[in-house]
Amino acid sequence: MKNAPALPAVLVVDDEVRSQEALRRTLEEDFTVFTASGADEAMAIMEREQGASGGKGVQVVLCDQRMPGTSGVAFLTEVRQRWPDVVRIVLSGYTEAGDIIAGINEAGIYQYLLKPWQPEQLLLTLKSAANVWRLQQDNQRLSLELRAAEPVLASKVEMKYERVKRELGLDGLTRSAGSPMNPVCDMVQRIAPYDLSVLLMGESGTGKEMLARAIHYQSRRDRQAFVVENCGALPDQLLEAELFGYKRGAFTGAYEDRIGLFQQADGGTIFLDEIGETSPAFQVKLLRVLQEGEFRPLGSPRPVSVNVRVIAATNRDLEAEVREGRFREDLYYRLATVTLHVPPLRERPMDIPLLAQRLLEASQKALGKTVQGFTTETLACIAAYRWPGNVRELQNEILRMLALCEGKQLGAELLSPRVLRAPVGVHEDAELSFLADLSGGLKERMEQLEAKVVKEALIRHRWNKSKAAADLGLSRVGLRNKLVRYGLEKG
(Lines give C-alpha, C1' and ligand atoms only; values in the text may rest on other atoms or scores of the structure.)
Protein backbone atom coordinates (compact mmCIF):
# COMPACT_ATOMS: atom_id res chain seq x y z
CA MET A 1 0.00 0.00 0.00
CA LYS A 2 1.39 3.36 -1.00
CA ASN A 3 1.89 6.04 1.63
CA ALA A 4 -0.56 8.93 1.43
CA PRO A 5 1.05 12.18 0.24
CA ALA A 6 2.19 14.49 3.04
CA LEU A 7 -0.18 17.33 3.88
CA PRO A 8 1.08 20.87 3.31
CA ALA A 9 2.29 22.53 6.54
CA VAL A 10 0.91 25.80 7.89
CA LEU A 11 2.21 27.80 10.85
CA VAL A 12 -0.48 29.68 12.78
CA VAL A 13 0.85 32.59 14.86
CA ASP A 14 -1.66 34.18 17.28
CA ASP A 15 -1.28 35.33 20.88
CA GLU A 16 -4.82 34.13 21.73
CA VAL A 17 -4.88 30.40 22.55
CA ARG A 18 -8.60 30.06 21.76
CA SER A 19 -8.01 31.54 18.32
CA GLN A 20 -5.15 29.08 17.76
CA GLU A 21 -7.37 26.13 18.64
CA ALA A 22 -10.22 27.34 16.43
CA LEU A 23 -7.84 27.70 13.52
CA ARG A 24 -6.33 24.26 14.19
CA ARG A 25 -9.73 22.56 14.17
CA THR A 26 -10.62 24.26 10.88
CA LEU A 27 -7.35 23.39 9.14
CA GLU A 28 -6.12 20.08 10.55
CA GLU A 29 -7.97 17.84 8.06
CA ASP A 30 -6.21 19.46 5.11
CA PHE A 31 -2.94 20.71 6.63
CA THR A 32 -0.24 19.80 9.11
CA VAL A 33 -0.76 22.62 11.63
CA PHE A 34 1.92 24.21 13.82
CA THR A 35 0.94 26.91 16.33
CA ALA A 36 2.87 29.65 18.11
CA SER A 37 1.82 32.43 20.52
CA GLY A 38 4.39 34.98 19.44
CA ALA A 39 7.12 35.89 16.98
CA ASP A 40 10.00 34.31 18.93
CA GLU A 41 8.24 30.95 19.30
CA ALA A 42 7.18 31.07 15.65
CA MET A 43 10.74 31.81 14.51
CA ALA A 44 12.01 28.82 16.49
CA ILE A 45 9.44 26.57 14.76
CA MET A 46 10.41 27.96 11.38
CA GLU A 47 14.11 27.33 11.98
CA ARG A 48 13.40 23.80 13.13
CA GLU A 49 11.03 22.86 10.32
CA GLN A 50 12.83 24.60 7.49
CA GLY A 51 16.02 22.81 8.47
CA ALA A 52 14.33 19.41 8.93
CA SER A 53 16.15 16.67 7.03
CA GLY A 54 14.19 15.60 3.96
CA GLY A 55 11.19 17.76 4.88
CA LYS A 56 9.53 20.51 2.87
CA GLY A 57 9.20 22.67 5.98
CA VAL A 58 6.44 25.19 6.45
CA GLN A 59 4.79 26.29 3.22
CA VAL A 60 2.29 28.86 4.57
CA VAL A 61 2.43 31.23 7.56
CA LEU A 62 -0.87 32.62 8.89
CA CYS A 63 -0.01 35.38 11.33
CA ASP A 64 -1.99 37.77 13.53
CA GLN A 65 -0.98 41.41 13.06
CA ARG A 66 -1.27 42.77 16.64
CA MET A 67 0.74 40.68 19.11
CA PRO A 68 2.84 41.58 22.18
CA GLY A 69 6.37 42.42 21.16
CA THR A 70 7.02 41.93 17.46
CA SER A 71 4.09 42.72 15.12
CA GLY A 72 2.85 40.29 12.48
CA VAL A 73 4.20 42.41 9.60
CA ALA A 74 7.64 42.68 11.23
CA PHE A 75 7.76 38.90 11.75
CA LEU A 76 6.62 38.17 8.20
CA THR A 77 9.20 40.64 6.86
CA GLU A 78 11.95 38.57 8.50
CA VAL A 79 10.36 35.37 7.17
CA ARG A 80 10.41 36.87 3.70
CA GLN A 81 14.12 37.70 3.98
CA ARG A 82 15.12 34.23 5.23
CA TRP A 83 12.61 31.98 3.41
CA PRO A 84 11.23 33.94 0.44
CA ASP A 85 9.29 30.95 -0.97
CA VAL A 86 7.04 30.65 2.13
CA VAL A 87 3.59 32.12 1.38
CA ARG A 88 2.68 34.79 3.96
CA ILE A 89 -0.84 35.71 5.12
CA VAL A 90 -1.93 38.31 7.70
CA LEU A 91 -5.03 37.68 9.84
CA SER A 92 -6.20 40.75 11.76
CA GLY A 93 -9.23 42.33 13.38
CA TYR A 94 -8.04 45.81 12.41
CA THR A 95 -8.05 47.52 9.03
CA GLU A 96 -5.58 50.40 9.38
CA ALA A 97 -4.28 51.37 5.93
CA GLY A 98 -0.72 51.66 7.24
CA ASP A 99 -0.68 48.02 8.36
CA ILE A 100 -2.01 46.85 5.01
CA ILE A 101 0.50 48.94 3.05
CA ALA A 102 3.40 47.76 5.24
CA GLY A 103 2.26 44.16 4.83
CA ILE A 104 2.27 44.48 1.05
CA ASN A 105 5.47 46.51 0.66
CA GLU A 106 7.66 45.07 3.41
CA ALA A 107 6.36 41.57 4.10
CA GLY A 108 5.16 40.79 0.57
CA ILE A 109 2.00 39.17 1.94
CA TYR A 110 -0.18 36.95 -0.25
CA GLN A 111 -3.49 37.89 1.43
CA TYR A 112 -4.74 40.20 4.19
CA LEU A 113 -7.67 38.50 5.97
CA LEU A 114 -10.00 40.10 8.50
CA LYS A 115 -11.45 38.71 11.72
CA PRO A 116 -13.96 37.26 12.28
CA TRP A 117 -13.07 34.76 9.55
CA GLN A 118 -15.34 32.30 7.77
CA PRO A 119 -14.08 28.67 7.83
CA GLU A 120 -14.89 27.96 4.17
CA GLN A 121 -13.24 31.17 2.97
CA LEU A 122 -10.20 30.61 5.19
CA LEU A 123 -9.74 27.04 3.94
CA LEU A 124 -10.07 28.15 0.34
CA THR A 125 -7.45 30.89 0.82
CA LEU A 126 -4.92 28.56 2.49
CA LYS A 127 -5.39 25.83 -0.12
CA SER A 128 -4.74 28.44 -2.79
CA ALA A 129 -1.65 29.62 -0.90
CA ALA A 130 -0.32 26.05 -0.64
CA ASN A 131 -0.86 25.66 -4.41
CA VAL A 132 1.08 28.88 -5.01
CA TRP A 133 3.99 27.43 -3.00
CA ARG A 134 3.86 24.21 -5.03
CA LEU A 135 3.82 26.13 -8.33
CA GLN A 136 6.82 28.17 -7.18
CA GLN A 137 8.76 24.97 -6.51
CA ASP A 138 7.76 23.49 -9.87
CA ASN A 139 8.79 26.69 -11.61
CA GLN A 140 12.21 26.68 -9.97
CA ARG A 141 12.71 22.99 -10.74
CA LEU A 142 11.69 23.39 -14.37
CA SER A 143 13.88 26.48 -14.75
CA LEU A 144 16.88 24.48 -13.58
CA GLU A 145 15.97 21.59 -15.86
CA LEU A 146 15.53 23.91 -18.82
CA ARG A 147 18.89 25.53 -18.11
CA ALA A 148 20.54 22.12 -18.05
CA ALA A 149 18.54 20.92 -21.07
CA GLU A 150 19.12 24.01 -23.24
CA PRO A 151 21.99 22.49 -25.26
CA VAL A 152 19.99 19.30 -25.78
CA LEU A 153 16.88 21.21 -26.85
CA ALA A 154 18.92 23.39 -29.19
CA SER A 155 20.43 20.26 -30.74
CA LYS A 156 16.97 18.68 -31.20
CA VAL A 157 15.60 21.84 -32.81
CA GLU A 158 18.57 21.94 -35.18
CA MET A 159 18.08 18.26 -36.09
CA LYS A 160 14.38 18.84 -36.81
CA TYR A 161 15.20 21.89 -38.90
CA GLU A 162 17.74 19.93 -40.94
CA ARG A 163 15.16 17.17 -41.46
CA VAL A 164 12.53 19.69 -42.62
CA LYS A 165 15.02 21.31 -44.97
CA ARG A 166 16.04 17.93 -46.34
CA GLU A 167 12.45 16.77 -46.92
CA LEU A 168 11.01 20.09 -48.17
CA GLY A 169 14.06 21.47 -49.95
CA LEU A 170 15.37 20.50 -53.37
CA ASP A 171 16.58 17.13 -52.10
CA GLY A 172 12.97 16.27 -51.27
CA LEU A 173 11.74 16.72 -54.86
CA THR A 174 11.43 13.26 -56.44
CA ARG A 175 12.98 13.10 -59.89
CA SER A 176 15.09 10.73 -61.97
CA ALA A 177 18.38 11.40 -63.76
CA GLY A 178 16.69 12.31 -67.07
CA SER A 179 13.73 14.20 -65.60
CA PRO A 180 12.60 17.52 -67.15
CA MET A 181 12.35 18.70 -63.53
CA ASN A 182 16.14 18.77 -63.30
CA PRO A 183 16.63 22.03 -65.28
CA VAL A 184 13.90 23.61 -63.15
CA CYS A 185 15.65 22.54 -59.96
CA ASP A 186 18.98 23.79 -61.30
CA MET A 187 17.39 27.20 -61.85
CA VAL A 188 15.94 27.13 -58.32
CA GLN A 189 19.41 26.41 -56.94
CA ARG A 190 20.75 29.48 -58.75
CA ILE A 191 18.04 32.04 -57.96
CA ALA A 192 16.85 30.92 -54.50
CA PRO A 193 19.53 32.80 -52.48
CA TYR A 194 18.49 36.14 -53.97
CA ASP A 195 15.37 38.07 -52.94
CA LEU A 196 13.72 37.96 -56.34
CA SER A 197 10.00 37.48 -56.92
CA VAL A 198 9.28 34.15 -58.61
CA LEU A 199 6.29 33.17 -60.75
CA LEU A 200 5.59 29.43 -61.03
CA MET A 201 3.51 28.43 -64.03
CA GLY A 202 2.06 24.99 -64.66
CA GLU A 203 -1.04 22.85 -64.61
CA SER A 204 -2.95 22.13 -61.41
CA GLY A 205 -1.48 19.35 -59.34
CA THR A 206 2.06 19.55 -60.71
CA GLY A 207 3.60 20.43 -57.33
CA LYS A 208 4.01 24.21 -57.58
CA GLU A 209 3.64 24.62 -53.81
CA MET A 210 6.34 22.00 -53.19
CA LEU A 211 8.65 23.88 -55.56
CA ALA A 212 7.85 27.15 -53.75
CA ARG A 213 8.81 25.52 -50.43
CA ALA A 214 12.03 24.27 -52.01
CA ILE A 215 12.86 27.85 -53.08
CA HIS A 216 12.19 29.06 -49.54
CA TYR A 217 14.37 26.40 -47.91
CA GLN A 218 17.21 27.08 -50.36
CA SER A 219 17.07 30.82 -49.60
CA ARG A 220 18.55 32.98 -46.86
CA ARG A 221 15.07 33.22 -45.33
CA ASP A 222 14.93 29.49 -44.67
CA ARG A 223 14.68 29.86 -40.88
CA GLN A 224 11.75 32.28 -41.10
CA ALA A 225 8.08 31.65 -41.84
CA PHE A 226 6.71 30.18 -45.07
CA VAL A 227 3.06 31.23 -45.42
CA VAL A 228 0.57 29.96 -48.03
CA GLU A 229 -2.64 31.51 -49.38
CA ASN A 230 -4.87 30.28 -52.20
CA CYS A 231 -6.01 33.49 -53.85
CA GLY A 232 -8.68 31.76 -55.92
CA ALA A 233 -10.55 30.41 -52.90
CA LEU A 234 -11.77 33.72 -51.41
CA PRO A 235 -13.67 36.82 -52.57
CA ASP A 236 -11.79 40.12 -52.58
CA GLN A 237 -12.78 41.40 -49.13
CA LEU A 238 -11.98 38.15 -47.36
CA LEU A 239 -8.74 37.75 -49.28
CA GLU A 240 -7.70 41.28 -48.34
CA ALA A 241 -8.55 40.58 -44.68
CA GLU A 242 -6.56 37.32 -44.77
CA LEU A 243 -3.47 38.86 -46.35
CA PHE A 244 -3.39 42.30 -44.77
CA GLY A 245 -5.26 41.78 -41.49
CA TYR A 246 -7.80 44.09 -39.91
CA LYS A 247 -8.69 46.09 -36.81
CA ARG A 248 -11.63 45.37 -34.58
CA GLY A 249 -14.80 46.95 -35.97
CA ALA A 250 -13.40 47.30 -39.50
CA PHE A 251 -16.42 45.38 -40.83
CA THR A 252 -19.33 43.32 -39.57
CA GLY A 253 -17.92 40.32 -37.71
CA ALA A 254 -14.51 41.88 -36.98
CA TYR A 255 -14.71 41.39 -33.21
CA GLU A 256 -10.95 41.53 -32.61
CA ASP A 257 -7.73 42.61 -34.26
CA ARG A 258 -6.20 40.09 -36.65
CA ILE A 259 -2.66 39.98 -38.01
CA GLY A 260 -2.59 39.32 -41.76
CA LEU A 261 -0.50 36.70 -43.54
CA PHE A 262 1.90 39.29 -44.95
CA GLN A 263 2.74 40.38 -41.40
CA GLN A 264 3.02 36.75 -40.26
CA ALA A 265 5.48 36.13 -43.10
CA ASP A 266 7.63 39.17 -42.22
CA GLY A 267 11.26 38.17 -42.76
CA GLY A 268 10.20 35.02 -44.61
CA THR A 269 8.30 33.99 -47.73
CA ILE A 270 4.65 34.16 -48.78
CA PHE A 271 3.30 31.86 -51.48
CA LEU A 272 0.30 33.22 -53.39
CA ASP A 273 -1.29 30.32 -55.25
CA GLU A 274 -3.78 30.85 -58.10
CA ILE A 275 -2.72 34.49 -58.46
CA GLY A 276 -4.38 34.60 -61.88
CA GLU A 277 -7.82 34.32 -60.25
CA THR A 278 -7.59 37.71 -58.46
CA SER A 279 -9.64 40.72 -59.53
CA PRO A 280 -8.12 43.92 -60.98
CA ALA A 281 -9.18 45.82 -57.82
CA PHE A 282 -7.26 43.45 -55.59
CA GLN A 283 -4.28 43.44 -57.94
CA VAL A 284 -3.85 47.19 -57.31
CA LYS A 285 -3.55 46.61 -53.54
CA LEU A 286 -1.11 43.74 -54.02
CA LEU A 287 1.01 45.86 -56.35
CA ARG A 288 1.47 48.46 -53.60
CA VAL A 289 2.82 45.84 -51.21
CA LEU A 290 5.35 44.70 -53.80
CA GLN A 291 6.37 48.24 -54.73
CA GLU A 292 6.44 49.92 -51.32
CA GLY A 293 6.88 47.00 -48.92
CA GLU A 294 3.93 48.22 -46.88
CA PHE A 295 0.17 47.84 -46.61
CA ARG A 296 -2.69 49.18 -44.52
CA PRO A 297 -4.75 46.66 -42.51
CA LEU A 298 -8.50 47.10 -42.89
CA GLY A 299 -9.70 49.78 -40.49
CA SER A 300 -6.18 50.91 -39.53
CA PRO A 301 -5.06 54.55 -39.94
CA ARG A 302 -1.39 53.59 -40.22
CA PRO A 303 0.48 51.44 -42.75
CA VAL A 304 2.55 48.41 -41.74
CA SER A 305 5.97 47.77 -43.27
CA VAL A 306 7.07 44.21 -44.04
CA ASN A 307 10.06 42.48 -45.57
CA VAL A 308 8.62 39.52 -47.47
CA ARG A 309 9.67 37.50 -50.49
CA VAL A 310 6.71 36.76 -52.78
CA ILE A 311 6.39 33.55 -54.79
CA ALA A 312 3.24 33.36 -56.92
CA ALA A 313 1.76 30.50 -58.92
CA THR A 314 -0.88 30.11 -61.60
CA ASN A 315 -2.21 27.56 -64.05
CA ARG A 316 -3.21 30.35 -66.43
CA ASP A 317 -1.16 31.94 -69.21
CA LEU A 318 -0.62 35.32 -67.52
CA GLU A 319 0.93 36.88 -70.61
CA ALA A 320 -2.29 36.14 -72.48
CA GLU A 321 -4.28 37.46 -69.50
CA VAL A 322 -2.28 40.70 -69.66
CA ARG A 323 -2.96 41.05 -73.39
CA GLU A 324 -6.69 40.51 -72.78
CA GLY A 325 -6.67 43.15 -70.00
CA ARG A 326 -7.64 40.72 -67.23
CA PHE A 327 -4.33 40.97 -65.38
CA ARG A 328 -2.34 44.14 -64.67
CA GLU A 329 0.81 44.35 -66.71
CA ASP A 330 2.78 46.18 -63.99
CA LEU A 331 1.86 43.52 -61.41
CA TYR A 332 2.81 40.74 -63.81
CA TYR A 333 6.31 42.15 -64.28
CA ARG A 334 6.64 42.63 -60.51
CA LEU A 335 5.76 38.98 -59.90
CA ALA A 336 7.62 37.50 -62.86
CA THR A 337 11.17 38.63 -62.12
CA VAL A 338 11.96 34.94 -62.56
CA THR A 339 9.47 32.63 -64.27
CA LEU A 340 9.65 28.87 -63.87
CA HIS A 341 7.51 26.42 -65.84
CA VAL A 342 6.67 23.25 -63.90
CA PRO A 343 6.31 20.33 -66.35
CA PRO A 344 3.16 18.17 -66.16
CA LEU A 345 3.45 14.55 -65.08
CA ARG A 346 2.83 13.22 -68.62
CA GLU A 347 6.15 14.83 -69.60
CA ARG A 348 7.89 13.06 -66.71
CA PRO A 349 7.16 9.34 -67.33
CA MET A 350 10.61 8.41 -66.00
CA ASP A 351 9.67 9.97 -62.63
CA ILE A 352 6.38 8.12 -62.20
CA PRO A 353 7.72 4.90 -60.59
CA LEU A 354 9.78 6.93 -58.08
CA LEU A 355 6.85 9.24 -57.35
CA ALA A 356 4.46 6.32 -56.94
CA GLN A 357 6.74 4.66 -54.39
CA ARG A 358 7.19 7.88 -52.41
CA LEU A 359 3.47 8.64 -52.46
CA LEU A 360 2.75 5.07 -51.34
CA GLU A 361 5.01 5.57 -48.31
CA ALA A 362 3.18 8.77 -47.40
CA SER A 363 -0.21 7.11 -47.98
CA GLN A 364 0.66 4.21 -45.68
CA LYS A 365 1.47 6.66 -42.90
CA ALA A 366 -1.74 8.60 -43.53
CA LEU A 367 -4.00 5.53 -43.51
CA GLY A 368 -2.06 3.45 -41.00
CA LYS A 369 -2.00 0.53 -43.43
CA THR A 370 1.03 -1.31 -44.81
CA VAL A 371 1.54 -3.23 -48.07
CA GLN A 372 4.61 -4.63 -49.80
CA GLY A 373 4.32 -2.37 -52.84
CA PHE A 374 2.94 -2.49 -56.38
CA THR A 375 2.65 -5.48 -58.68
CA THR A 376 4.50 -5.33 -61.99
CA GLU A 377 1.17 -4.99 -63.85
CA THR A 378 0.17 -2.05 -61.66
CA LEU A 379 3.43 -0.20 -62.30
CA ALA A 380 3.03 -0.79 -66.04
CA CYS A 381 -0.50 0.68 -66.01
CA ILE A 382 0.58 3.64 -63.86
CA ALA A 383 3.50 4.37 -66.17
CA ALA A 384 1.31 4.23 -69.30
CA TYR A 385 -1.47 6.55 -68.09
CA ARG A 386 -1.12 10.26 -68.88
CA TRP A 387 -2.35 11.63 -65.51
CA PRO A 388 -4.24 14.78 -66.54
CA GLY A 389 -4.59 15.64 -62.84
CA ASN A 390 -0.81 15.28 -62.46
CA VAL A 391 0.81 14.39 -59.10
CA ARG A 392 -2.36 15.17 -57.15
CA GLU A 393 -4.32 12.64 -59.23
CA LEU A 394 -1.61 10.03 -58.76
CA GLN A 395 -1.63 10.62 -55.02
CA ASN A 396 -5.41 10.20 -54.81
CA GLU A 397 -5.27 7.05 -56.95
CA ILE A 398 -2.71 5.46 -54.63
CA LEU A 399 -4.74 6.40 -51.55
CA ARG A 400 -7.80 4.78 -53.13
CA MET A 401 -5.92 1.61 -54.04
CA LEU A 402 -4.43 1.31 -50.56
CA ALA A 403 -7.84 1.73 -48.91
CA LEU A 404 -9.36 -1.00 -51.14
CA CYS A 405 -6.44 -3.41 -50.94
CA GLU A 406 -7.02 -6.68 -49.10
CA GLY A 407 -3.80 -8.43 -50.12
CA LYS A 408 -0.10 -7.86 -49.64
CA GLN A 409 0.44 -5.85 -52.85
CA LEU A 410 -1.47 -3.21 -54.81
CA GLY A 411 -2.74 -5.11 -57.84
CA ALA A 412 -3.85 -3.59 -61.15
CA GLU A 413 -7.45 -4.64 -60.46
CA LEU A 414 -7.54 -1.90 -57.80
CA LEU A 415 -6.89 0.87 -60.33
CA SER A 416 -9.70 3.18 -61.37
CA PRO A 417 -11.32 2.23 -64.70
CA ARG A 418 -10.01 5.41 -66.34
CA VAL A 419 -6.43 4.41 -65.48
CA LEU A 420 -6.85 0.77 -66.43
CA ARG A 421 -8.86 1.31 -69.61
CA ALA A 422 -7.42 4.55 -70.97
CA PRO A 423 -3.68 4.44 -70.40
CA VAL A 424 -2.89 6.78 -73.27
CA GLY A 425 -4.95 9.83 -72.30
CA VAL A 426 -7.17 11.91 -74.53
CA HIS A 427 -4.89 14.16 -76.56
CA GLU A 428 -5.26 13.93 -80.30
CA ASP A 429 -1.56 13.53 -80.89
CA ALA A 430 -1.56 10.49 -78.58
CA GLU A 431 -4.70 8.73 -79.75
CA LEU A 432 -2.69 6.11 -81.66
CA SER A 433 0.37 6.00 -79.38
CA PHE A 434 -0.76 2.66 -77.91
CA LEU A 435 0.09 1.12 -81.30
CA ALA A 436 3.71 2.18 -81.07
CA ASP A 437 4.91 -1.04 -79.44
CA LEU A 438 3.07 -3.35 -81.87
CA SER A 439 5.14 -5.08 -84.55
CA GLY A 440 4.75 -7.43 -87.53
CA GLY A 441 2.07 -7.51 -90.19
CA LEU A 442 -1.57 -6.57 -89.78
CA LYS A 443 -2.57 -10.02 -88.49
CA GLU A 444 0.22 -10.09 -85.89
CA ARG A 445 -0.55 -6.54 -84.72
CA MET A 446 -4.26 -7.33 -84.40
CA GLU A 447 -3.44 -10.39 -82.29
CA GLN A 448 -1.16 -8.33 -80.05
CA LEU A 449 -3.92 -5.75 -79.65
CA GLU A 450 -6.48 -8.46 -78.89
CA ALA A 451 -4.16 -9.92 -76.25
CA LYS A 452 -3.95 -6.50 -74.55
CA VAL A 453 -7.74 -6.11 -74.50
CA VAL A 454 -8.23 -9.60 -73.05
CA LYS A 455 -5.58 -9.04 -70.40
CA GLU A 456 -7.11 -5.68 -69.40
CA ALA A 457 -10.51 -7.33 -68.93
CA LEU A 458 -9.00 -10.10 -66.79
CA ILE A 459 -7.14 -7.62 -64.60
CA ARG A 460 -10.23 -5.45 -64.17
CA HIS A 461 -12.31 -8.46 -63.07
CA ARG A 462 -9.53 -9.81 -60.82
CA TRP A 463 -8.98 -12.78 -63.13
CA ASN A 464 -12.59 -13.94 -62.78
CA LYS A 465 -12.90 -15.65 -66.15
CA SER A 466 -16.71 -15.82 -66.16
CA LYS A 467 -17.02 -12.05 -65.64
CA ALA A 468 -14.23 -11.29 -68.12
CA ALA A 469 -15.84 -13.53 -70.77
CA ALA A 470 -19.23 -11.85 -70.29
CA ASP A 471 -17.60 -8.42 -70.50
CA LEU A 472 -15.89 -9.34 -73.77
CA GLY A 473 -18.94 -11.10 -75.21
CA LEU A 474 -17.18 -14.49 -75.26
CA SER A 475 -18.06 -17.90 -73.94
CA ARG A 476 -15.83 -19.40 -71.24
CA VAL A 477 -14.49 -21.86 -73.81
CA GLY A 478 -13.77 -19.03 -76.26
CA LEU A 479 -11.98 -17.03 -73.55
CA ARG A 480 -9.97 -20.08 -72.46
CA ASN A 481 -8.81 -20.67 -76.04
CA LYS A 482 -7.57 -17.07 -76.26
CA LEU A 483 -5.77 -17.36 -72.92
CA VAL A 484 -3.95 -20.44 -74.15
CA ARG A 485 -3.24 -18.83 -77.53
CA TYR A 486 -1.77 -15.66 -76.03
CA GLY A 487 -0.09 -17.29 -73.02
CA LEU A 488 -2.25 -15.41 -70.50
CA GLU A 489 -3.11 -18.31 -68.23
CA LYS A 490 -2.17 -17.50 -64.62
CA GLY A 491 0.10 -20.06 -63.00
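Keep in mind that this is a model prediction, so the values were computed, not measured. These numbers come from the heavy atoms of this one structure, side chains and all, not from hydrogens, waters or symmetry mates.
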* Find the distance between OG1 (Thr278) and CG (Leu272) and round it off to the nearest 0.5 Å. => 9.0 Å

* Asked: Just how far is it from atom CD of Gln224 to atom OG1 of Thr269, taken to the nearest 0.5 Å?
  ->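 Between Gln224 CD and Thr269 OG1, I get 9.5 Å after rounding to 0.5 Å.
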
Taking all heavy atoms of [X] and all of [Y], pick out the closest pair and write down the distance.
X	Y	answer
Leu170	Gln218	N-OE1, 3.6 Å
Arg348	Ser179	NE-OG, 4.1 Å
Leu367	Leu399	CD1-O, 3.8 Å
Ala313	Leu199	N-CD1, 4.3 Å
Leu335	Phe327	CD1-CZ, 4.0 Å
Val60	Ala130	CG2-N, 3.9 Å

With distance as the sole test, does [X] use its side chain to make a donor-acceptor pair with the main-chain N or O of [Y] at under 3.5 Å?
X	Y	value
Gln111	Ile89	no
Asp266	Asn307	yes
Thr378	Ala412	yes

* What class does the angle between the rings of Phe226 and Phe271 fall in, given that below 30° is parallel, 30 to 60° is tilted and above 60° is perpendicular? -> parallel

* More than 12 heavy atoms of other groups within 6.0 Å of Glu29 CD ->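 Atom CD in Glu29 is not crowded, with 12 or fewer foreign heavy atoms closer than 6.0 Å.
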
* To do: Count the heavy atoms of every other residue, nucleotide or ligand shown that sit under 6.0 Å from CZ of Arg82, and state whether that count exceeds 12.
  =>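 Yes, because the 6.0 Å sphere around CZ of Arg82 holds more than 12 heavy atoms from other groups.
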
* Asked: Can a cation-pi geometry be assigned to Arg223 and Tyr161, taking NZ or CZ under 6.0 Å from the six-membered ring centre and within 45° of the ring axis?
  ->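 Yes.
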
Ion pair [X]/[Y], N-O distance below 4.0 Å:
X	Y	result
Arg166	Glu162	no
Lys115	Asp14	yes
Lys285	Asp236	no

* To do: Answer with yes or no whether the side chains of Gln283 and Asp330 bring together a donor and an acceptor at under 3.5 Å.
  =>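 Side chains of Asp330 and Gln283: no pair found under 3.5 Å.
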
